Number of protein chains: 2
Amino acid sequence: MSTYSLTPTSYLVLGCLASAGPSTPYELKQAVAESVGYFWSFPHSQLYSEPARMTAAGLVQEEREEGGRRRRVFSITAVGRAALDDWLTQPTAGLPDIRDVGLLKLFFGDLVGPDEVNALAVAQRGAHEERLKLYEGLFSGPPQSAAESTIGLGIAWERAAAAFWASIAENPPKPT
Amino acid sequence: MSTYSLTPTSYLVLGCLASAGPSTPYELKQAVAESVGYFWSFPHSQLYSEPARMTAAGLVQEEREEGGRRRRVFSITAVGRAALDDWLTQPTAGLPDIRDVGLLKLFFGDLVGPDEVNALAVAQRGAHEERLKLYEGLFSGPPQSAAESTIGLGIAWERAAAAFWASIAENPPKPT
DNA sequence: ATCCCTATGGTCTGTTTCGGATGGTGCCGA
DNA sequence: TCGGCACCATCCGAAACAGACCATAGGGAT
């Protein structure tokens with residue numbers, strides 16, 4: 001067999017199918033949008049193409065809805081479930097890039113004046129605070145599952161970032 | 001004119017050329033690796049191909065070294081500088097995705113046991129702490145420039161993430 | 001001087017991602 | 001019954017990506 005490599009998108013699909021049962025790509029898209037999509041946006045087109053790819057590899061299988069639109073419904077196979085468990089069981093130690101366009105601008109902030117840096121900092125601070133409020137409104141009690149607990153990192157990140165940009169705004173870096 | 005769109009990579013190149021003066025792709029690669037590369041890794045191949053693309057758009061210009069390897073040396077043009085200033089002057093309010101594979105695994109943590117979640121949390125915590133130490137060792141005093149101040153967000157992120165994973169490890173989420 | 005070795009420096013390619021443009025289609029209300 | 005819209009799906013060009021692979025200058029050993 002070819003060295004078929006599973007991408008994060010693949011595991012996303014596998015995980016969703018394992019959690020929510022058989023789904024259409026559209027349902028995947030919905031589920032993703034209101035959960036994991038907050039910290040990892042997947043283009044919806046991939047949620048259509050990826051299951052197709054994975055069908056060929058035997059990780060999922062495809063059926064058709066009976067009536068109506070006769071949409072494709074994908075479900076995870078035993079092979080897929082094994083691949084998912086395998087992945088979930090390996091504790092990744094890899095770290096993501098921050099890849100923040102705002103931070104990239106700050107990095108080149110010495111090329112423009114302090115006013116521009118300040119405007120950037122204010123805008124970023126506002127955006128992070130807004131997002132923070134959104135996150136804080138999502139759940140009321142303490143997290144009820146591993147899935148819900150992920151919001152904790154979102155909140156921590158937004159708080160940290162808001163504080164960082166606030167400090168930049170207050171105390172603009174200047175080459176002496 | 002065609003709608004030539006500048007990507008973050010383009011601005012990276014422009015910014016580096018504006019900051020450091022005319023450079024070869026190899027020098028760009030070096031400069032990036034030891035600075036902005038910590039939070040945004042650019043494949044080195046792009047630092048070769050992107051300036052070529054940009055030359056065609058008139059944003060940079062290319063010369064050749066006299067002796068030795070006769071490497072390509074790129075420098076920013078007035079047009080390029082204007083584009084860069086324009087970009088730097090617009091305060092982006094956009095937020096990046098976190099895109100953390102570990103967090104994605106946590107999101108599906110309900111599909112495996114608490115032991116696996118715990119192992120993940122421990123590994124992630126360790127990785128973030130290690131990275132934190134690296135960052136803290138980079139500069140001694142307070143930041144001397146906008147560029148240096150970016151490390152602040154790196155440190156804040158690593159601290160927040162390490163704390164988050166520590167809390168997951170201590171208090172593993174369990175569906176009741 | 002020559003030749004080899006290795007740091008340094010550069011190119012190329014197949015795959016995946018991205019994100020939006022575009023194109024169907026079932027269903028409900030008038 | 002028919003028109004419109006929300007729902008659903010596919011496609012495509014342009015980049016990003018990772019990394020394999022190649023080239024060469026210049027120093028050191030002989």
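Residue numbers begin at 1 in each chain, while the letters A, B, ... track the order of the sequences. Nothing here was measured: the structure is a model prediction, and the numbers come from that model.
If you check dA9(D), dA15(D), dT16(C) against the side chain of R53(B), the one that comes closest is dA15(D). Set against dT16(C), dC18(C), dC8(D), the side chain of R71(A) has dC8(D) as its closest nucleotide. In this structure, the nucleotide among dA15(D), dC17(D), dG19(C) sitting nearest to the side chain of S5(B) is dA15(D). Counting only heavy atoms from C-beta on, E50(A) has its side chain closest to dT17(C) among dT17(C), dG19(C), dC17(D). Each of dT17(C), dC17(D), dG10(C) was ranked by its minimum atom distance to the side chain of Y48(B); first place goes to dG10(C). Set against dA15(D), dA9(D), dC8(D), the side chain of T24(A) has dA9(D) as its closest nucleotide.
Taking 4.0 angstrom as the limit, R70(B) places none of its side-chain polar atoms (N or O) nearer than this to OP1 or OP2 of dA23(D). Between Q46(A) and dC18(C) there is a side-chain N or O to OP1 or OP2 distance below 4.0 Å. Proximity of S45(B) to the phosphate of dC12(C): no side-chain N or O atom is located under 4.0 Å from OP1 or OP2.
Alongside Y26(A), the hydrophobic cluster contains Y48(A) (criterion: ILVMFWY side chains under 4.5 Å).
A salt bridge links R53(B) with E50(B): the closest approach of a Lys/Arg side-chain nitrogen to an acidic carboxylate oxygen falls below 4.0 angstrom.
Between F74(A) atom CZ and dA9(D) atom P there is a gap of 9 Å when expressed in whole angstrom units. Whole-Å rounding puts the Y26(A) OH to dG26(C) P distance at 15 Å. Taking atom CD of residue E27(B) and atom P of nucleotide dT8(C), one finds them 13 Å apart after rounding to whole Å. Taking atom CH2 of residue W40(B) and atom C1' of nucleotide dA16(D), one finds them 11 Å apart after rounding to whole Å. One can place CE of M54(B) at 19 Å from P of dA14(D), the figure rounded to the nearest angstrom. A straight line from CG of D97(B) to C1' of dA16(D) spans 15 Å, rounded to a whole angstrom. Taking atom CD of E62(B) as the reference point, atom P of dT11(C) lies 9 Å away to the nearest angstrom. Atom C1' of nucleotide dG20(C) and atom CG of L47(A) are separated by 15 Å, given to the nearest angstrom.
Syn is the classification of dA7(C), since its glycosidic angle stays within 90° of 0.
Among the protein residues, Q30(B) comes within range of the sugar-phosphate backbone only, with heavy atoms under 4.0 Å from sugar or phosphate atoms but none that close to a base. No contact: S49(A) has no heavy atom under 4.0 Å from any strand.
P173(A) is listed as a side-chain neighbour of I168(A), based on a closest heavy-atom distance under 4.5 Å.
A donor-acceptor contact under 3.5 Å is not formed by the side chain of T9(B) with the base of dA15(D).
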Trace of the side-chain hydrogen bond (donor to acceptor under 3.5 Å, both in side chains) decision for T9(A) with Q46(A)
CA-CA 8 Å; T9(A) 309; Q46(A) 278 183 248; 3.2 Å; yes
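For E148(A), there are no salt bridge (charged side-chain N to carboxylate O under 4.0 Å, His left out) partners, not counting sequence neighbours.
With a 3.5 Å ceiling on both atom-pair distances, the Watson-Crick or G-U wobble partner of dC21(D) is dG10(C). Across all strands shown, dA14(D) forms a Watson-Crick or G-U wobble pair with dT17(C), both key distances being under 3.5 Å.
For the residue pair R125(A) and A162(A), the shortest heavy atom distance occurs at CG-O, 3.9 Å.
Taking for each of H44(B) and R99(B) the nucleotide of DNA chain C with the nearest heavy atom, the 5'-most of the two is the partner of H44(B).
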